[in-house]
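So the structure is just underneath, and the comments pick up after that.
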There are 2 protein chains.
Amino acid sequence: MYAMITFDRNWQFPFMTKTRSSAQTENAIPRHNYHHGDLRRALLDAAVQFIETHGVEAVSVRAVAKMAGVSPGAPFRHFATRTALLTAVAEEALNRLAGAITLSLQAAAEQNPLLQFRAIGVGFLRWAFANPTHFQVISARAVIDFEGSPLRQRNDAIRTRMNALMNEAAATGLLRPGDVGRHQIAARALVYGLARMYVDGQFPSWGLDESKALQESIAILDQFIASISA
Amino acid sequence: MYAMITFDRNWQFPFMTKTRSSAQTENAIPRHNYHHGDLRRALLDAAVQFIETHGVEAVSVRAVAKMAGVSPGAPFRHFATRTALLTAVAEEALNRLAGAITLSLQAAAEQNPLLQFRAIGVGFLRWAFANPTHFQVISARAVIDFEGSPLRQRNDAIRTRMNALMNEAAATGLLRPGDVGRHQIAARALVYGLARMYVDGQFPSWGLDESKALQESIAILDQFIASISA
DNA sequence: ACCTGAACACCGTTCAAGT
DNA sequence: ACCTGAACACCGTTCAAGT
């Protein structure tokens with residue numbers, strides 16, 4: 001069975017030069033490109049699907065291309081390297097994570113700073129446990145280009161927010177004595193460690209029921225928050 | 001320049017069958033095998049060296065073979081698969097980790113259970129920060145065979161020890177109220193999370209000086225221990 | 001413009017042949 | 001017994017050629 005093949009209606013031989021605007025005027029039919037209309041989108045989806053079954057490291061551009069029904073070289077028109085493809089997946093993932101955290105924060109908007117801080121952790125855990133594939137991708141800094149992408153700023157924004165809440169909590173006397181920065185890093189390491197232990201399949205070996213992983217992880221976070229409370 | 005090549009003095013054509021003991025009696029000269037005497041050892045060392053510069057995922061059996069000065073197929077006489085090679089590296093790593101923890105525990109033998117529990121964490125951090133390559137390998141469960149190796153039991157032994165110390169701490173009134181198991185997992189996730197954040201290069205993005213990473217991590221652990229103390 | 005398909009330099013792994 | 005080296009089925013990436 002063949003995929004429906006259409007030719008790019010906007011395509012023109014190089015010598016048939018015209019401006020973009022005039023092309024749009026002359027031909028308003030939305031470009032349904034060769035094969036997909038949106039190979040970029042199809043490749044990102046195929047990559048996620050592949051990662052779900054074979055893991056991040058096993059991703060091959062050729063396999064993803066085959067899943068999308070195109071030739072081995074086609075993806076390189078949209079992503080310069082394998083890393084660029086995986087980085088694009090990571091960017092989508094982090095966008096969704098930021099969304100989940102924002103939602104979680106909004107639900108806790110009326111609560112005290114420490115509980116808002118907790119809400120970020122809960123949002124992170126909820127997201128990571130529900131989207132282990134995406135979490136793995138944003139954590140796999142060996143195969144993505146973290147520094148050379150908006151990933152870095154997104155990450156910094158979340159960190160800054162946590163920082164502000166923690167300082168506010170300290171200022172309003174919600175924390176027991178201790179270095180505020182260290183409490184913050186501890187919370188971050190705790191939540192990150194829990195998520196990693198889960199996706200790395202370490203929960204069973206630590207005597208934790210995987211079906212109650214999220215529930216238990218939130219309970220652990222809550223006990224930690226209680227421990228650092230005044 | 002050629003590596004020194006010697007022929008296996010114990011080698012014999014298949015039809016020249018004799019028992020192993022008689023072979024040893026007839027020829028006491030220690031087998032200095034073809035090329036290395038110990039290709040297995042050479043491959044493990046080459047693998048670690050390779051991982052230090054290129055990361056675990058990038059390990060190729062061919063590259064490791066070339067580093068050891070042998071043909072592409074040679075390693076497969078000692079390790080059935082690429083995974084088996086990396087798993088062997090992980091086993092060495094975990095043995096050393098267990099050694100470091102034992103040492104750390106011995107130094108704290110006179111202290112209370114909670115401080116002994118802390119000592120395990122400090123031993124782990126010290127080891128992980130000093131041997132990031134080995135830590136990465138034992139954490140990379142995607143590329144090693146964790147379940148089908150002594151790794152699992154080694155890991156369980158450490159966990160059991162932590163469990164016992166934590167229960168003892170609870171029994172002797174050293175812990176503040178809360179679920180003991182959750183305190184234990186929290187400590188584990190905290191320490192694992194810190195080590196991973198370090199090797200994943202996340203310390204700078206969290207505003208932590210990498211040169212003081214170990215020192216700061218221990219301080220964070222100590223503050224956590226203080227938080228859960230009665 | 002976007003994709004194909006051949007080509008190049010790599011992989012992991014197997015296996016007959018050499019010593 | 002242990003290693004070589006060719007072979008097979010894969011990779012990522014490039015690029016001239018097609019539509």
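Heavy-atom basis, side chains included; hydrogens, waters and symmetry copies ignored.
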Task: Shortest non-hydrogen contact from B/A119 toward B/S104 - done: O-OG, 2.9 Å

Task: Atom-pair distance (CG on B/L39; C1' on D/dC3), nearest Å - done: 9 Å

- [ ] Report the distance from atom CZ of B/F50 to atom C1' of C/dC11, rounded to the nearest whole Å.
- [x] 11 Å

TODO: Among C/dC3, C/dG12, C/dC11, find the nucleotide with the atom closest to the side chain of B/A63.
DONE: C/dC11

- [ ] For the residue pair B/Y198 and B/E210, confirm or rule out a side-chain donor-acceptor distance under 3.5 Å.
- [x] no

- [ ] Searching all strands shown, indicate the nucleotide that pairs with C/dT19 (Watson-Crick or G-U wobble; both distances under 3.5 Å).
- [x] D/dA1

- [ ] Please work out if B/V59 contacts a base, only the sugar-phosphate, or nothing of the nucleic acid, heavy-atom cut-off 4.0 Å.
- [x] sugar-phosphate

- [ ] Report the residue (A/V61 or B/H78) whose heavy-atom-nearest nucleotide on DNA chain D is the more 5′ of the two.
- [x] B/H78

Task: Euclidean distance, atom CG of residue B/L43 to atom P of D/dC2 [Å, nearest integer] - done: 13 Å

Open item on the list: I need the CG-P distance between B/L85 and C/dT13, as an integer number of Å.
Closed with: 10 Å

Task: Contact under 4.0 Å: B/S60 side-chain N or O vs C/dG12 OP1/OP2 - done: yes

Task: Between B/Q202 and A/R188, a side-chain donor and acceptor under 3.5 Å - done: yes

Open item on the list: Between C1' on C/dC10 and CZ on B/R82, what's the gap in Å once rounded to a whole number?
Closed with: 14 Å

Task: Rounded distance (Å) that lies between atom P of D/dG12 and atom NZ of A/K66 - done: 12 Å

Task: Any strand: nucleotide that pairs with D/dA7 via Watson-Crick or wobble, under 3.5 Å - done: C/dT13

Open item on the list: Tell me whether A/R141 is salt-bridged to A/E147, with the criterion being a basic N under 4.0 Å from an acidic carboxylate O.
Closed with: no

Task: Per B/S71 side chain, nearest of listed nucleotides C/dC3, D/dT4, D/dG12 - done: D/dT4

TODO: Taking only Lys NZ, Arg NE, NH1 and NH2, and the carboxylate oxygens of Asp or Glu, determine whether B/E91 and B/R96 approach each other closer than 4.0 Å.
DONE: no

Open item on the list: Within the 4.0 Å heavy-atom criterion, would you say A/R77 contacts the bases, only the backbone, or no part of the nucleic acid?
Closed with: base

TODO: Would you kindly give the CZ-to-P distance between B/F76 and D/dC8, to the nearest whole Å?
DONE: 18 Å

TODO: Return the nearest nucleotide to the side chain of A/R62; candidates are D/dC3, C/dT13, D/dT13.
DONE: D/dT13

TODO: Please tell me which of the listed nucleotides, D/dT4, D/dT13, C/dG12, lies nearest to the side chain of A/T81?
DONE: D/dT13

Task: Interatomic distance, B/H54 NE2 vs C/dC10 P [rounded to whole Å] - done: 13 Å

- [ ] Name the closest nucleotide to the B/A74 side chain, picking from C/dA7, D/dC3, C/dC3.
- [x] D/dC3

Open item on the list: Taking the nucleotide of DNA chain C with the nearest heavy atom to each, does A/G73 or B/A58 sit closer to the 5' end?
Closed with: A/G73

